[in-house]
Amino acid sequence: MTSGVTPAGASVAGASSGTLRAAWRPMTGWSRALVAVAASSLGLLYLLPLWSIGLKAPQYPEGLGMYIWVDRITGQRAHELQSINGLNHYIGMKAIVPESIPELRIMPVLIGALIATGLLVALWGKRRALYAWVALFALGALAGLGDFWRWGYDYGHDLNPHAAIRIPGLTYQPPLLGTKQLLNFQATSWPATGGWVVVAALALVAGLAFREWRLARSSAG
Amino acid sequence: MPIALSRSLTGLSLALLAAASTGCGRSTAPLGASTDAAQRVYVAPGKYDELYAFMSGGFSGNITVYGIPSGRLLQQVPVFSQYPEKGYGYSEQTKAMLNTSYGFVPWDDTHHPQLSMTDGMADGRWLFINGVNTPRIARIDLTKFETDEIIEIPNTAGGHGSPYLTENSEYVVSATRFAIPTPQADVSIKDGVFGGMISFIRVDSATGHMALAFQLRVPGYNYDLSRAGRGVSHGWSFFSTYNTEQAKTLLEANASQRDKDYIAAVNWKQAEKCVAEGKAEEWTTPYAHNVVGKDGVARTEMLRTQKVLNAKTCADMMYYLPTPKSPHGADLDPTGEFIVGGGKLATVIPVHSFSKMLKAIAAKDFEGEVDGFPILKYTSTIAGEVQNPGLGPLHTEFDGKGFAYTSVFISSEVVKWSLKDFTVVDRIPTYYSIGHLLIPGGDTKKPYGKYMVAMNKITKDRYLPTGPELTQSAQLYDISGDKMKLLLDFPTTGEPHYAQAIPAELIRERQIRTYTLSENTDPYATLSEKNVKVERKGGKVHVYMTAIRSHFLPDNIEGIEVGDSVFFHITNLEQDWDVPHGFAMLGAQNSELLIMPGQTRTLTWQPNRAGIFPFYCTDFCSALHQEMSGYIRVSPKGSGVKLTWNTPTP
């Protein structure tokens with residue numbers, strides 16, 4: 001399909017609906033440009049960490065922390081992931097071994113696909129396509145959060161029964177978002193810079209979709 | 001200061017103090033301290049000190065590191081002495097640091113710490129210090145506070161006037177304090193001709209590595225202290241001498257006969273030129289050079305040749321400046337123009353002028369020569385004499401505001417005097433019998449000033465007594481105002497001969513927290529628990545062991561026999577700040593190991609009876625530190641118990 005050419009609205013089922021026809025019309029130039037910006041901004045995820053988990057304890061006044069990136073997990077400072085794993089072995093938590101987490105291999109591809117489709121939507125310029133892409137983006141973000149929660153649950157619950165420290169009933173699932181006390185550690189989970197890029201990009205394109213939907217309604221009306 | 005002299009003068013010093021009516025006796029003012037002293041030295045819990053001070057540990061052979069102004073002891077750095085707490089000089093990786101041409105010498109007497117310099121300012125990279133007894137110079141890396149290199153000084157006895165860096169750390173120096181036959185020879189003490197040696201040791205500006213560049217064979221006086229020229233006098237170094245009488249017995253009287261001894265002014269640029277022109281003789285005296293390699297292991301290279309210059313081959317490289325009497329310090333003011341002699345038996349403090357000295361040399365204004373070296377006329381070099389400086393002036397540093405501070409041993413005080421008119425402007429008692437003093441940056445182009453630290457030889461009643469041997473002590477003074485004020489007494493270890501201080505940020509910012517495990521190239525490193533193993537090679541058993549909170553691996557070993565030499569090569573797998581592990585073995589006839597994160601250290605154990613022998617971690621590392629232990633089974637020789645060990649559980 002060639003961009004900029006209005007497809008025959010009549011070909012759509014229920015052709016009597018003007019709104020439906022409007023949805024197949026192109027977005028405004030501004031919206032298309034901003035969608036392109038939002039999609040491109042996701043390229044920053046290859047450079048910035050998505051998520052930050054921080055740990056503070058009396059013995060760690062400067063804190064320990066790790067970053068989750070699209071393709072890796074690292075300590076916030078040198079060797080901190082190793083230190084976190086070292087501490088976690090006392091409670092029988094599995095070591096965090098980035099190489100064994102398949103999501104870190106899949107995520108870069110998915111983000112790439114999201115960027116590519118976003119740019120195509122901007123190029124093509126159809127409102128419908130924008131709605132679909134925003135939905136895809138939002139679902140992807142939600143699925144990512146869900147997956148993160150699932151890993152957190154697994155690490156927090158699947159504990160070695162022979163660990164040195166076992167407290168009946170106590171699990172160590174880190175918070176999805178916010179702060180939680182886990183024994184002597186105060187764990188904090190929060191989006192890192194890359195995460196905030198996602199939030200901003202998603203908010204932007206959702207706002208654009210809403211605007212386009214209102215424009216479509218008013219033009220149809 | 002020789003002990004005999006210090007002892008004999010103590011009574012005199014106390015008598016003088018008692019006679020003084022300054023009101024500073026301990027019965028009146030609160031121990032002589034100023035009233036706001038507590039506030040000035042209080043560093044709140046968790047706060048940092050303003051300065052690092054590096055104090056010689058004297059006859060402990062170490063360096064001690066203090067925070068100023070609190071006077072809190074921060075660290076001890078082993079240098080020339082075995083130090084079981086850190087396994088220094090015991091572990092296979094550090095033993096070679098103490099090798100000399102005489103063999104393994106596990107002790108020395110540290111005297112003068114010197115921070116490395118760039119453009120006449122301390123740069124915080126390295127600290128050098130001399131060992132007096134078996135003359136050596138050590139270099140400590142200030143990113144990790146560990147001794148990285150020790151070079152022995154050949155043809156020398158009593159390496160006292162050392163290390164005293166030139167203004168860009170081109171050289172460290174060493175000078176003979178006890179004249180001996182040069183080269184060494186079996187001669188009669190009474191009739192033998194003794195000589196001295198002044199050595200220039202090149203410092204590599206990138207690595208800090210030292211190499212003996214050349215030695216000057218000089219008359220057999222006692223070369224005492226030194227300073228390198230700076231600013232206008234860069235290119236020269238100055239050495240005080242005493243015993244120009246060249247007495248060999250009962251020096252306390254026989255070396256104190258002449259009114260003046262000398263400060264030797266060495267034109268080391270001229271000496272460099274003579275060496276380049278091939279005028280140096282080649283001598284062959286063995287000396288050891290011990291260096292820690294990139295793999296963290298100290299190794300010894302035994303060197304054999306040195307380039308020696310003398311007055312015949314290079315006469316214009318040195319001049320003697322007559323200086324009253326038995327001078328200790330030869331100290332340069334921040335501009336490098338004034339050379340202050342600390343004539344410990346003199347009634348004045350003589351101040352030589354560098355520019356006058358150059359003019360006198362050009363005019364050949366000599367009053368004689370010794371062994372071919374010209375002696376300049378006293379009146380031609382002297383800029384002034386500080387009158388009434390007290391009894392026994394020793395050592396001078398500067399505040400950068402036009403004043404000099406001289407420690408005065410016998411009258412136990414510090415005198416402050418003006419570099420403008422050479423008059424005393426203030427004096428304050430020390431408790432008791434000060435040797436050297438320290439002003440932060442007081443030997444640089446731009447002193448930091450603010451504080452002065454007195455290093456005292458005697459403490460008597462200043463602290464709770466601890467048997468016949470009392471603590472050594474330093475005292476902190478405020479020198480920010482017109483009048484010096486006593487702020488604090490703090491105990492020190494060994495005898496703190498001299499110290500240097502530097503603003504904390506110049507050191508703090510450079511600290512490493514761990515050794516990077518992936519960069520550990522120790523030949524016996526074990527970088528992962530997967531690789532632990534035990535190997536027998538004849539009577540030698542190598543244990544490749546790891547330590548991480550809170551276990552060793554392997555921690556059960558069987559198949560060791562009485563008479564084996566067991567090498568525990570232990571790698572600390574931690575990469576976390578402040579998590580060293582220790583290792584102690586029942587019956588080991590050496591020391592523990594203290595292994596920094598990412599580091600490998602080796603302890604040798606020769607079991608001499610059969611049985612089960614536990615080992616454990618000595619440095620409290622974690623909640624399960626006490627569980628961090630293991631067992632070795634030792635069987636009788638030839639019993640054939642199979643060598644086995646445990647590996648990580650998958």
Side-chain angles (χ1 to χ4, degrees), chain A residues 52-67 72-100 154-155 158-168 170-172 174 181-188, chain B residues 44-48 143-144 508-520 525-531 546-553 555 571-581 595-599 617 619-630 646-650:
Chain A
S52 165
I53 295 178
L55 295 167
K56 267 203 154 189
Q59 301 84 349
Y60 287 90
E62 296 178 333
L64 284 170
M66 59 187 206
Y67 286 129
R72 61 193 190 274
I73 297 175
T74 62
Q76 292 193 355
R77 283 171 297 240
H79 314 305
E80 282 190 3
L81 183 62
Q82 187 188 337
S83 295
I84 291 169
N85 279 335
L87 293 166
N88 285 347
H89 100 278
Y90 286 115
I91 52 170
M93 191 184 281
K94 287 183 292 192
I96 300 165
V97 182
E99 294 74 30
S100 67
D154 184 50
Y155 278 115
D158 182 13
L159 303 170
N160 181 346
H162 302 296
I165 300 172
R166 291 188 308 277
I167 299 172
L170 194 60
T171 58
Y172 305 98
Q181 191 73 25
L182 299 170
L183 295 182
N184 59 328
F185 279 97
Q186 190 189 50
T188 302
Chain B
K47 297 287 180 201
Y48 296 140
T143 66
K144 51 184 191 172
R508 189 156 67 91
E509 306 295 329
R510 317 171 82 95
Q511 296 310 296
I512 62 163
R513 292 183 164 193
T514 63
Y515 294 94
T516 305
L517 188 65
S518 58
E519 293 168 6
N520 180 334
T526 310
L527 302 189
S528 159
E529 291 190 341
K530 277 177 275 180
N531 301 331
T546 59
I548 191 163
R549 282 166 291 176
S550 305
H551 58 275
F552 294 103
L553 257 187
D555 64 358
T571 302
N572 181 346
L573 297 180
E574 306 281 356
Q575 291 287 269
D576 201 350
W577 194 25
D578 198 16
V579 193
H581 290 293
I595 315 148
M596 297 303 122
Q599 196 181 45
C617 173
D619 189 341
F620 208 106
C621 58
S622 62
L624 298 167
H625 160 74
Q626 279 143 302
E627 284 74 6
M628 192 162 171
S629 62
N646 59 329
T647 50
T649 42

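In what follows, every chain begins at residue 1, and chains take the letters A, B, ... in the order their sequences are listed.
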* Contact part of B:T514 toward chain A, heavy-atom cut-off under 4.5 Å: side chain, backbone, both or neither? ->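 B:T514 touches chain A through side-chain heavy atoms alone.
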* Asked: Going by residue number, which parts of residues 84-96 of chain A are within reach of chain B, meaning a heavy-atom gap below 4.5 Å?
  ->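 Residues in range: A:L87, A:H89, A:Y90.
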* **Members of residues 55-67 of chain A whose heavy atoms come closer than 4.5 Å to chain B** =>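 A:Y60, A:E62 fall under the 4.5 Å cut-off.
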* Atom CZ of B:F620: over 12 foreign heavy atoms under 6.0 Å ->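 Counting other residues, nucleotides and ligands, CZ of B:F620 exceeds 12 neighbours.
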* A:R77: what forms a salt bridge (charged side-chain N to carboxylate O under 4.0 Å, His left out) with it, not counting sequence neighbours? ->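 Result, salt bridge (charged side-chain N to carboxylate O under 4.0 Å, His left out) vs A:R77: A:E80.
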* To do: Just jot down the salt bridge (charged side-chain N to carboxylate O under 4.0 Å, His left out) partners of B:D555, sequence neighbours excluded, or say none.
  =>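 Listed in chain order: nothing, the list is empty.
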* Shortest non-hydrogen contact from A:H79 to B:T516? ->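 That would be CE1-CG2, 4.1 Å.
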